[in-house]
Structures are given as structure tokens and as C-alpha cells.
Amino acid sequence: MTRVGCAAMAVVGACLLTACGSSGGGDGPMATVITDRPTPITTAPSVPSATSAAPSTTATGTRTSTTAAPSSPAAAQAKPQDYAGKAPGWYYFSSPSGKFECGIAILESSIAGCHGPLPESAPEVPGSGASGTAVKPNSVQLIAGSPAKFESLGDPKFHRFDGPAAALPYGEMLTVAGSGSTNGLRCTVDEQTGVTCTDQVGHGFTVSDEDFDLR
């Protein structure tokens, strides 16, 4: 009995070894044995957004330009010799409307000024003939290097007596160089704001028959 049992057990063991060898040995495929499952994909692959994918088409259509617009062209320069008076250093012009007569004088002190229908809002100034008496001004004057001011002049200093003053066209600038760094003066006429004259350090005036600005 013992021998038969041992023999039977030997046969069973041999069969088991043979079965294991047929399933795991040799070069057979290992498809039935999964040792490491791949991680499933739970999100779709990233796709570039429409704005980032085509910046040159979508972004360009809505972007506000930050490029500065071309500046306005500089005012046309009038020729000083066309406005020169007979007295040395004097230049005269009128507004195209004929309302204002103006002059620039390059002397020891450079001066620019105008006569004309000054606005009602112009402040009263000391009279030229009676000290201490306030009167309506009859001129506006700029001495280079000092703030402009209204004045009452006994003589029309900026009127050209040796002939009619040429009209300075709207938008043109009459520039007369001075003898020093602050003595240059320039004047221009605008149809809306009137006559403007300035020096090289920011003083000047703008005057019309309705309004004024002194600086």
C-alpha cells in the first residue's frame, strides 16, 4: 500500500510539473499575466486655444493700437523780410480779418504787441496821460523775458505808418531771431483764437475781440 501510494503521488506530482511547464515555460506568450496595468487616460490631450494658436489673426483684429499718431506738421514759416518796416529792427503784420495791427521790434529789448478791438473782459490799466486813472487798454504787449500785459499807449506803437502792414496768413508763423537766448519772438494768427505771440521762455499772449490769455 505504501509503495502504491508513493507511486501515485509521484505520478500526480509529475503531471503537475508538466502542466506548469506547459503554461509558464518556453517562449509562449505572457498575455494572460498582467503585472502592471497602464493608467487610464481621464483627460483629453490639451489643444491650443484659439487665441494662443493664432495670435496674428484673432488678436490683431481686436488689439487697440498704441502707436502714436503722426504729429501735426509744423506751422509754415513766414519770411521776416516780407514784413520788415523801414525802421531798423521793426516788423509789422495784420490779421487776415484786418481787426488787429501787430508788430515785432528787435531792439535793446525785444517787443511784440497788437492794437485792435480788445475783449470787454480785458482789465483796466493805468492811463497813459493821467496817472492813477484806470482806463480801458488799447494794446497788448510782450517784452521778451517778462509776462505779457495790457497797456494804454498814447501812440499806436504797433501801427505801420510807412505803408500798409502785410497780412500774416492763418497758420503761418512769423519768427524773428533776437540778439540773446531769450530775445527771439514769434507770432501767428488763428481764425478762432486770434493773434498769439510768444518769447523763448514761455511768456506770451493770445488775444481776439472776444477772449484773451496772458502768460
Value rounded to 0.5 Å, distance of OG in S95 from CG in D209: 9.5 Å
With T196, the side-chain contact (heavy atoms from CB on, under 4.5 Å) member among D213, D190, T188: T188
Verdict with supporting geometry, L214 and F150, side chain to side chain contact (heavy atoms under 4.5 Å, CB included): CA-CA 9 Å; L214 306 182; F150 287 114; 3.7 Å; yes
Atom of G204, atom of A148 and distance for their closest heavy-atom approach: O-CB, 3.3 Å
Rounded distance [0.5 Å steps], CG in L118 versus CZ in F100: 5.5 Å
E124 atom CD, over 12 foreign heavy atoms within 6.0 Å: yes
Any side-chain heavy-atom pair of C114 and V140 under 4.5 Å: yes
Passing candidate, side-chain contact (heavy atoms from CB on, under 4.5 Å) with V176, options Y91, W90, Y83: Y91
Cluster link V201 to M173, ILVMFWY, side chain under 4.5 Å: no
Over all atoms of both residues, closest heavy-atom pair of D199 and G145: OD2-N, 2.8 Å
Any donor-acceptor N/O pair, T198 side chain to H203 backbone, under 3.5 Å: no
Separation of SG atoms, C187 and C102, below 2.5 Å: no
Within 6.0 Å of CD in E120, more than 12 heavy atoms from elsewhere: no
R160 side chain to A84 backbone, donor-acceptor under 3.5 Å: yes
CD on Q141 to OG on S146, rounded to 0.5 Å: 10.0 Å
I143 backbone acceptor or donor facing K149 side chain under 3.5 Å: no
Atom of A122, atom of P137 and distance for their closest heavy-atom approach: CB-CG, 4.0 Å
Other residues, nucleotides, ligands: >12 heavy atoms within 6.0 Å of D162 CG: yes
Beyond-backbone contact of C197 with L185, side-chain heavy atoms, under 4.5 angstrom: no
pair S208-T193: side-chain heavy atoms closer than 4.5 Å: no
Heavy-atom side-chain proximity of S110 to I104 below 4.5 angstrom: no
Residue pair P119 / V207: nearest heavy atoms and the distance that separates them: CD-CG2, 4.1 Å
ring-ring contact (aromatic ring centres under 6.0 Å, His included) contacts touching residues 154-176 (sequence neighbours left out): H115-F158, H159-F161
Residues V195, F212; criterion side chain to side chain contact (heavy atoms under 4.5 Å, CB included); working and verdict: CA-CA 9 Å; V195 182; F212 69 91; over 6 Å; no
